[in-house]
Amino acid sequence: MEGRFSNLQNNLKNSFQVEVEDFSLEKTFNCGQTFRFFEIGGRYYYPYENSLIKTEEINGKTFKFEIYGENLTKEYIFDIFGLNHDIQRINSEIIKIAPQLKDAIKFSNGIRLIRMPPYEATISFIFSIQSQIPVIMSRLNKLAEFGKRVVEVDNAEFYLFPKREDILEMPIVDIKSLKLGFREKFFLNLIKNYTEEDFEKLRNLPYEEKKKFLTSILGVGEKVSECIILFGYGDLSAFPVDTWIEKGLEKIFGVKGTTKKLTEFGRATFGEFSGYAQQYIYYYMRSLMR
DNA sequence: TAACAGGCCACCG
DNA sequence: CGGTGGCCTGTT
């Protein structure tokens with residue numbers, strides 16, 4: 001049972017503190033880029049690959065990380081949470097291009113674009129099609145629970161994301177209980193025909209190659225593919241367009257068009273930091289509507 | 001209630 | 001090609 005864990009309590013593998021500016025756990029987790037995290041009393045528990053990451057803010061710029069399950073290095077944590085991104089430079093570049101975004105940038109300060117495992121990202125964003133965040137979370141959590149890869153920390157059980165082989169073994173009634181609706185055939189097609197390795201092989205290929213591969217997958221269109229490229233591969237030149245971005249682009253830039261056109265507009269306008277510009281617009285637009 | 005939500009595909013013209 | 005209708009399910 002390779003890759004399967006049970007009751008790994010007191011299995012602390014690594015613990016360290018880091019100092020970073022412009023980093024908010026609350027905003028980074030809640031800005032809609034990732035779905036399977038658990039906040040308990042200000043601490044965040046984040047299942048990641050074969051590990052459970054526990055993190056909390058000590059003060060404004062000091063953050064504590066604890067790694068359970070399989071070890072993850074500090075360098076890897078920096079990579080996952082986008083802590084190497086030069087936020088000041090990115091923000092000033094975006095303001096230079098679009099001064100209208102000044103308020104949105106200020107409001108979004110602290111968001112870091114994270115990078116999640118691409119296979120998990122693909123499943124997550126297929127589950128997310130025409131769905132609200134609580135529903136997406138519940139589908140993904142149920143799927144993870146069926147996978148039975150448990151890490152126990154602080155007297156609580158956290159389920160790691162299942163491997164493809166685990167999902168292949170799941171009874172169809174369990175899959176049905178996820179209530180994926182029309183997304184179910186997308187999900188089943190993905191599990192049946194694509195492996196984690198297929199997605200790993202894309203890592204070092206250029207944007208265009210990723211885009212071509214991803215959009216050839218049933219259920220993965222313009223928006224979902226941009227999400228996978230941005231949140232799964234960490235390519236900051238991606239620019240996912242959803243209804244919020246659509247509203248934002250019209251309000252802020254007076255631009256309208258199809259999802260494809262707007263994606264091209266965003267990427268052409270913001271270049272290598274499109275992902276941050278997108279996230280700022282998204283976060284800001286959603287806050288305005290609440 | 002009917003519309004719509006982090007859309008996509010099939011099918012038109 | 002570019003635009004439109006249908007679709008599972010849950011929420012407001």
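Letters A, B, ... are given to chains in the order of the sequence lines, protein chains preceding strands, and every chain is numbered from 1.
Between the side chain of Q130(A) and the base of dA5(B) there is at least one donor-acceptor pair of N/O atoms closer than 3.5 Å.
On the C1' atoms, dT1(B) is 13 Å away from dT11(C), given to the nearest whole Å. Comparing the P positions of dG6(B) and dA10(B) gives a spacing of 24 Å, expressed to the nearest Å. Rounded to whole Å, the separation between the P atoms of dC11(B) and dC8(C) comes to 14 Å.
Residue contacts for Q278(A): at a heavy-atom cut-off of 4.0 Å it reaches no nucleic acid atom on any strand shown. Contact annotation for K179(A): backbone-only contact, meaning every heavy-atom pair under 4.0 Å involves sugar-phosphate atoms and none involves a base. Within the nucleic acid shown, E184(A) has no heavy atom closer than 4.0 Å to any nucleic acid atom. Note on I245(A): nothing from the nucleic acid sits closer than 4.0 angstrom, heavy atoms only. Using a 4.0 Å heavy-atom criterion, one finds that V224(A) contacts the sugar-phosphate atoms exclusively. If you check every strand for non-hydrogen atoms under 4.0 Å, T258(A) touches sugar and phosphate atoms only. Residue contacts for L230(A): at a heavy-atom cut-off of 4.0 Å it reaches no nucleic acid atom on any strand shown.
When both distances must be under 3.5 Å, the Watson-Crick or G-U wobble mate of dG2(C) is dC12(B).
Partner of F81(A) under the ring pair (Phe, Tyr, Trp, His ring centres under 6.0 Å) criterion, out of F37(A), F65(A), Y76(A): F65(A) alone.
Using a distance-only test at 3.5 Å, with no hydrogens or angles considered, no donor-acceptor pair links the side chain of R149(A) to the main chain of L160(A).
With salt bridges taken as basic N to acidic carboxylate O contacts below 4.0 Å, none links K64(A) and E57(A).
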